[in-house]
**Q** 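Take a look at this one; I'll ask things after.
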Amino acid sequence: MRDETEYGAPVAAGADYAERLVADLNPRQREAVEHGEGPLLVLAGAGSGKTRVLTHRIAWLLATGRARPSEILAITFTNKAAGEMRERVDRLVGGVSRAMWVMTFHSACARILRAEAPRLGYKRAFTIYDESDSLRMVKRCVEELDIDPKRFAPRAIKSQISAAKNQLVDSTEYGNAVGGPFEEAVADVYNLYERRMVEASAMDFDDLLVRTVNLLELFADIREKYRRIFRWVLVDEYQDTNRAQYRLLQLLCEEHRNLTVVGDDFQSVYSFRGADIRNILEFERDFPDAHTVLLEQNYRSTQTILDAANGLIAHNENQKRKQLWTDGPRGDLVTIAELDDEHAEARYVASEINRLVEEGTPRDQIAVFYRMNAQSRVLEDTLVRFEIPYQVIGGTKFYDRAEIKDAVAYLSLVANPADAVSFTRVVNSPRRGIGQQTQARLLSHANTIGEDIWDVFSNPEQVPGLGPQAVKAVRRFADVMAELRERAESTDSVAEIVEAILQRTGYIEALEAERTVEAEGRIENLEELVGVAAEFDTNRELEGDQEQTPLEEFLAQIRLLSEQDNLKEQESLATLMSLHNAKGLEYDAVFVIGCEEGLFPHSRSVEEGNLEEERRLAYVGVTRARERLWLTFARRRSLHGSSSWNLPSRFLSELPEDLIDRHVATTQTGWASAGEGGRSWGSNARDAVLGGSRRGEGGFSAPERRQPTPPPVPYSVGDDVVHPSFGEGVITGVEPNNVVVVRFSGDGSERKLMADYAPLKKVA
DNA sequence: TGCTTCACCATTTTT
DNA sequence: TGGTGAAGCA
């Protein structure tokens with residue numbers, strides 16, 4: 001534990017320290033930090049130092065003796081944000097931050113439920129289901145109820161149930177309010193789903209919140225207990241709270257009223273997930289005695305970027321008024337670039353990135369944002385060709401990969417014998433001759449006799465309808481699981497359990513037998529999981545939690561991990577992500593691509609009347625940039641197969657014209673430059689930008705028929721090649737459009753490269 | 001039981 | 001365009 005803090009004072013040193021704590025804050029920030037008891041609303045514009053206010057407020061509450069560390073509950077939405085906050089509080093007050101709850105809504109609820117869940121009929125060792133697990137469960141319910149999944153898509157049903165839960169509407173209430181046939185189907189599934197989840201002792205993400213609310217509403221003693229524990233509650237990103245979270249805060253705070261919420265209505269972009277912007281807009285109505293502080297001074301961006309953001313958001317009606325300003329320089333103009341199509345757009349972005357890097361911008365300070373994840377593909381291809389190292393945030397996550405999910409499902413089943421979804425996931429993976437028939441019989445028997453699925457498969461003889469073959473196969477599976485469970489009970493090392501699972505279930509063996517590159521990759525991923533577990537074991541030795549076993553704790557932790565947690569900062573990688581994922585981050589240089597009507601704002605959103613939220617999303621994108629900002633659009637874009645012509649996004653015309661530097665680029669399309677050899681693309685694209693030709697061809701007239709035929713592919717399967725960065729490899733495939741597939745011997749990776757542009761050389 | 005083929009569909013997603 | 005899921009076949 002550290003005694004010295006950032007301000008050189010020992011922990012909680014009283015008035016003098018408190019004074020120094022606020023000394024270098026601006027007046028508004030100081031006002032927020034020094035607010036005493038009672039509700040506080042901090043409307044914090046982008047980059048206005050809201051985390052600073054939150055952390056300093058916590059330190060100030062401690063320093064002035066108003067709060068003890070254990071009385072503080074600080075809530076964020078991501079683990080990353082929680083980690084950062086804890087770290088920064090730690091720097092202010094030292095190790096006492098350990099005693100505080102600084103975590104996400106979901107983690108906090110999971111922790112409370114871990115202690116109290118039995119009161120609601122759950123086992124203490126409940127399993128947290130992620131989206132795909134709970135979708136599985138919904139599907140099973142749909143099947144069981146004989147609902148035609150084509151008529152009512154399980155996904156749609158699930159999202160309907162989720163929406164209901166976010167509103168704290170339970171299945172009974174939902175059933176009473178049914179409208180059409182779809183709602184009726186949803187009501188039935190919702191009802192069964194709730195029952196099956198309790199039986200499996202499983203909770204989905206929404207349940208974590210809803211069940212905690214239930215707990216506090218139903219049991220006065222529990223309510224009192226947590227009200228007494230959390231005398232000070234602080235919430236970050238308050239604009240993103242949904243009904244359930246709102247109710248939770250109300251339950252915790254309505255007595256002592258020491259609730260601090262920090263947020264920015266301009267950055268509310270999650271209404272489709274149930275976030276209710278009214279929570280922040282109407283905070284002052286809900287808490288008439290609330291003190292409100294407005295933070296408008298921005299410490300991140302240039303005035304030009306802020307003016308652009310202000311100009312954009314001024315087009316929204318339903319907002320609190322805020323106007324960002326900075327002491328800093330005006331900075332460069334915002335670039336709006338018009339390109340032919342998405343490929344030209346990608347090349348433009350890539351060449352601009354190269355230029356930035358040459359000029360000294362660290363690559364990890366460059367980000368590209370887009371509306372849809374699908375847009376990353378073209379960009380990735382281009383970045384590979386330009387040899388620009390990058391990372392993509394979003395898409396398939398580590399914990400979404402099949403092999404990882406399998407391993408985690410094994411762990412879940414070991415920890416929670418009732419976990420039916422995990423059971424179906426792993427029972428025949430690897431193949432062990434337990435097919436759907438057999439699984440269905442096991443599950444329905446479990447439903448009939450009301451026993452845990454584990455008890456049922458441990459006694460396969462008693463399951464009606466199983467043939468001797470099936471009984472034998474199930475027996476073998478049960479024996480392995482029993483052995484693993486014993487193993488888990490006799491050790492505190494999660495890594496050891498994971499290792500045992502991979503070995504004893506034959507999982508690794510099956511992968512090794514495949515002898516493919518993919519299988520090898522999977523094995524590597526699994527090894528990484530063992531590594532993650534080992535790391536967990538090491539950290540756990542420092543701070544153990546007696547409430548739950550290491551395995552349970554590990555499972556809860558990895559299930560609540562988020563995408564942003566994967567962000568790497570140290571490596572020199574440009575970052576690609578959706579605009580939604582960009583919230584809370586900042587970069588020196590930002591590109592927002594695909595600024596076209598129909599794509600951004602997305603046509604769906606416009607149809608559904610969510611234009612203002614789209615505009616807020618644009619606002620989020622713009623305000624991520626510290627120094628340089630590009631907004632690009634393509635005249636023509638192919639989206640799932642067919643290409644279409646789009647108008648520039650209305651958001652572009654909403655930016656004040658005097659802040660804009662316009663580029664109209666006509667890149668040389670196609671193969672014209674191929675003869676010049678690989679690396680010339682960068683300069684080509686850049687030269688073309690200077691060209692500034694007009695878009696006067698009339699839009700629809702000439703759909704690029706003039707491409708010369710590609711030069712013949714000089715490579716054939718089996719050729720040995722060498723690449724300056726990937727090393728030696730062999731051609732394993734030749735595809736249309738001069739794409740070659742190369743397996744590189746260095747890391748065993750297989751990559752698709754454009755033969756004409758990649759700096760590949762044939763080895764004689 | 002398990003693999004292949006074909007049809008269908010396709011924002012965003014802090015947990 | 002590409003990934004997913006269900007039906008059909010060996």
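So you know, we letter chains A, B, ... as the sequences are listed, proteins then strands, and number each from 1.
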**Q** Heavy atoms only, 4.0 Å cut-off, all strands: where does A/Asn428 land among base, sugar-phosphate and nothing?
**A**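 Answer is sugar-phosphate: A/Asn428 comes under 4.0 Å of backbone atoms only.
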**Q** Check whether any side-chain nitrogen or oxygen of A/Thr104 sits under 4.0 Å from OP1 or OP2 of B/dT14, and answer yes or no.
**A**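 Answer no for this pair, as no side-chain N or O of A/Thr104 is under 4.0 Å from OP1 or OP2.
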**Q** Give one of base, sugar-phosphate or nothing for A/Glu131, where a contact means two heavy atoms less than 4.0 Å apart.
**A**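 Here A/Glu131 touches the bases of the nucleic acid.
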**Q** Across the strands shown, which category fits A/Gln267 at heavy-atom distances under 4.0 angstrom: base, sugar-phosphate, nothing?
**A**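 Nothing: the residue A/Gln267, judged by heavy atoms under 4.0 Å, touches no strand.
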**Q** Kindly say if A/Asn79 contacts the phosphate of B/dT14, meaning a side-chain N or O under 4.0 Å from OP1 or OP2.
**A**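 For B/dT14, neither OP1 nor OP2 has a side-chain N or O of A/Asn79 closer than 4.0 Å.
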**Q** Mind checking whether A/Phe369 and A/Phe591 have ring centres under 6.0 Å apart?
**A**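 When the ring centroids of A/Phe369 and A/Phe591 are compared, they turn out to be at least 6.0 Å apart.
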**Q** Taking the minimum atom-to-atom distance to the side chain of A/Arg377, which one of B/dT14, C/dA7, C/dG2 wins?
**A**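 Per side-chain heavy atoms of A/Arg377, the pick is C/dG2.
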**Q** Among B/dC3, B/dT12, C/dA6, find the nucleotide with the atom closest to the side chain of A/Arg431.
**A**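 So the side chain of A/Arg431 is nearest to B/dC3.
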**Q** Can you tell me, in whole Å, how much space there is between the P of B/dT12 and that of C/dG5?
**A**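 It comes out at 16 Å once rounded to the nearest Å.
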**Q** Once you apply a heavy-atom cut-off of 4.0 Å, does A/Tyr270 come out as touching a base, just sugar-phosphate, or nothing?
**A**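 Touches a base.
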**Q** Without decimals, in angstroms, what is the distance between A/Arg151 CZ and C/dG5 P?
**A**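 Spelled out: CZ on A/Arg151 to P on C/dG5 is 22 Å.
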**Q** Could you tell me if the ring centre of A/Tyr238 sits under 6.0 Å from that of A/Phe283?
**A**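 So the answer is yes for these two rings.
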**Q** What is the distance, to the nearest angstrom, from the CD atom on A/Glu342 to the P atom on C/dG2?
**A**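 In whole Å, C/dG2 P lies 12 Å from A/Glu342 CD.
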**Q** A/Gly433 or A/Glu613: which one's nearest nucleotide on DNA chain B is closer to the 5' end?
**A**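 In this pair, the answer is A/Gly433.
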**Q** Give the rounded distance in Å between these two atoms: CZ of A/Arg371 and C1' of B/dT13.
**A**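 Computing the A/Arg371:CZ to B/dT13:C1' distance gives 11 Å.
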**Q** So, taking the atom named NZ in A/Lys139 and the one named OG1 in A/Thr424, what distance separates them when rounded to the nearest 0.5 Å?
**A**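 OG1 of A/Thr424 is found 11.5 Å from NZ of A/Lys139.
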**Q** What is the separation between atom CG on A/Leu585 and atom P on B/dT14, rounded to the nearest whole Å?
**A**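 In whole Å, B/dT14 P and A/Leu585 CG are 12 Å from each other.
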**Q** Distance check: side-chain N/O of A/Asn581 vs OP1/OP2 of B/dT14, anything under 4.0 Å?
**A**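 For B/dT14, OP1/OP2 do have a side-chain N/O of A/Asn581 under 4.0 Å.
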**Q** Grab the CG-P distance between A/Asp206 and B/dT13 for me, whole Å please.
**A**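 So the two atoms are 17 Å apart, to the nearest Å.
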**Q** Are the charged groups of A/Asp236 and A/Lys50 less than 4.0 angstrom apart, N to O?
**A**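 Yes, A/Asp236 and A/Lys50 are salt-bridged.
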**Q** Let me know the distance between CZ of A/Arg604 and P of B/dT12, rounded to the nearest Å.
**A**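 That distance rounds to 10 Å.
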**Q** Under 4.0 Å, heavy atoms only, any strand: does A/Gln437 hit a base, just the sugar-phosphate, or nothing?
**A**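 Answer is sugar-phosphate: A/Gln437 comes under 4.0 Å of backbone atoms only.
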**Q** Using the C1' atom as the point on both nucleotides, what is the distance between B/dT14 and C/dG3, in whole Å?
**A**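 25 Å, rounded to whole Å.
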**Q** Just N and O in the side chain of A/Asn373: are any of them under 4.0 Å from OP1 or OP2 of B/dT13?
**A**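 Yes, within the criterion.
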**Q** Are OP1 or OP2 of B/dT12 and a side-chain N or O of A/Lys583 less than 4.0 angstrom apart?
**A**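 The answer is no; no side-chain N or O of A/Lys583 sits under 4.0 Å from OP1 or OP2.
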**Q** With a 6.0 Å cut-off on the ring centroids, do A/His580 and A/Tyr270 count as close?
**A**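 Between A/Tyr270 and A/His580, which both carry aromatic rings, the centre distance is below 6.0 Å.
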**Q** Round to the nearest Å and state the distance from A/Asp148 atom CG to C/dA6 atom P.
**A**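 It works out to 11 Å between those atoms.
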**Q** Quick one: label A/Thr438 by what it contacts on the DNA or RNA (base, sugar-phosphate, nothing), any heavy atom closer than 4.0 Å.
**A**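 The residue A/Thr438 makes sugar-phosphate contact but no base contact.
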**Q** Grab the CG-C1' distance between A/Asn166 and B/dT13 for me, whole Å please.
**A**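 Those two atoms, CG and C1', are 12 Å apart.
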**Q** Can you tell me how far the CD1 atom of A/Ile280 sits from the CD atom of A/Glu237, to the nearest 0.5 Å?
**A**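 Answer rounded to 0.5 Å: 9.5 Å.
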